[in-house]
Number of protein chains: 2
Amino acid sequence: MIPNGQSVESVLASHGVKPTPQRMVIAEYLLNTLDHPTAEEVLDAVSGKLPVALSRATVYNTLNSLKEAGVVREVLAEPGKVRYDANLSNHHHFIDVKTGQIIDVPAEKVEKLGKLLDKKFKVHGVQVTFFGDLQQDESEQT
Amino acid sequence: MIPNGQSVESVLASHGVKPTPQRMVIAEYLLNTLDHPTAEEVLDAVSGKLPVALSRATVYNTLNSLKEAGVVREVLAEPGKVRYDANLSNHHHFIDVKTGQIIDVPAEKVEKLGKLLDKKFKVHGVQVTFFGDLQQDESEQT
DNA sequence: ATTAGTGCAAATCATTTGCAATTAG
DNA sequence: CTAATTGCAAATGATTTGCACTAAT
């Protein structure tokens, strides 16, 4: 989601991303949806919103640029495809196993991994993944 | 990891998986490693341990069977490939962003998402993913 | 003019599928 | 004999790459 009041252009600028027309429409789309679209879905959604054609390669290039710049995060929810999330607030995800729908869950809701979500979320499993740096040393494992 | 004392065969049996030679060597490998191998890595590791050839298709078939039967879990850590984890205890993962190394983190260690891991894990980000059923109703979102 | 960004098509990588051959009950 | 499993090769789907073209400093 786009920080209140900020323009798409200023979001890109503040992350050091040069605002080309293609990047603008892609970022605008991502910053204004609650969905977690794939590259293909981004392409479908924004092609036509631009006077010129928008190529698949550019969508992939742009998504990678936005990811590197920290404007979007990758979400690995299903095997074989990457989804993108421009919600920069601290949050997690709930995935409906039936439909594949992905719903943002604010970090505050994840205080205790017990009784944490709304009753409407029947949790079958939780997968917590930490990303970080491992200090190599001689002592034992986790 | 294989439950202490149990044979690979009994693990398969208790999950209703028919023990073919191919499945046996694959399951044995997965149940005895701390790694989180890809299908390709499984193939490399077990081919040669069988009198006959082991085809890629069979590795994929077997991994899917084991997953469906609940003998292994999928781990989505990097885009584009699936890793497999036969540690059936309640745990999460730490991924070293430099090397890609994936380390199991026991669930008890994830009590508070603040000061939770060994000092040697410098956490850059945490991705928590819930899988479950969403009760469809008329009220509002998370 | 130089460099970054784009578009297209071909290439690549992981995974799935079709189908014939093999194995087990 | 019948059904499940396997192997191979071809097909698919997502993503990347090579390279010529365009836009912007």
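Just so it is clear: chains get the letters A, B, ... in the order the sequence lines come, proteins before strands, and each one is counted from 1. Model, not experiment: these values are computed from the prediction.
Side-chain contact of A:His36 with A:Asn87: a donor-acceptor pair under 3.5 Å is absent, judged by distance alone.
Take A:His91 and apply the ring pair (Phe, Tyr, Trp, His ring centres under 6.0 Å) test, not counting sequence neighbours, and it matches A:His93.
Atom CG in B:Leu50 sits roughly 14 Å away from atom C1' in C:dT23 (whole-Å rounding). Atom CZ in B:Arg23 sits roughly 15 Å away from atom C1' in D:dG7 (whole-Å rounding). Atom CG in A:Leu43 sits roughly 11 Å away from atom P in C:dC8 (whole-Å rounding).
Put simply, B:Thr20 has no side-chain N or O that comes within less than 4.0 Å of OP1 or OP2 on D:dA4. Between A:Gln22 and C:dG7, a side-chain N or O to OP1/OP2 separation shorter than 4.0 Å is present. Distances shown here put every side-chain N or O of A:Thr58 at or beyond 4.0 Å from the OP1 or OP2 atom of C:dT6.
Summarising the geometry, atom OG1 belonging to B:Thr38 is positioned 9.0 Å from atom CG belonging to B:Leu63; distances are rounded to the nearest 0.5 Å. Between the CD1 atom in A:Ile26 and the CG atom in A:Leu31 there is a gap of 11.5 Å [rounded to 0.5 Å].
Comparing B:Leu54 and B:Lys18, the nucleotide of DNA chain D nearest to each residue sits closer to the 5' end for B:Lys18.
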Under 4.0 Å protein heavy-atom contact, by nucleotide of nucleotides 10-25 of chain D - B base, S sugar-phosphate only:
----SBBB--------
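With hydrogens and angles disregarded, no donor-acceptor distance shorter than 3.5 Å links the side chain of A:Arg56 to the backbone of A:Leu43.
The side-chain contact (heavy atoms from CB on, under 4.5 Å) with A:Val82 is formed by just one residue from the set A:Val75, A:Leu76, A:Asn64; it is A:Leu76.
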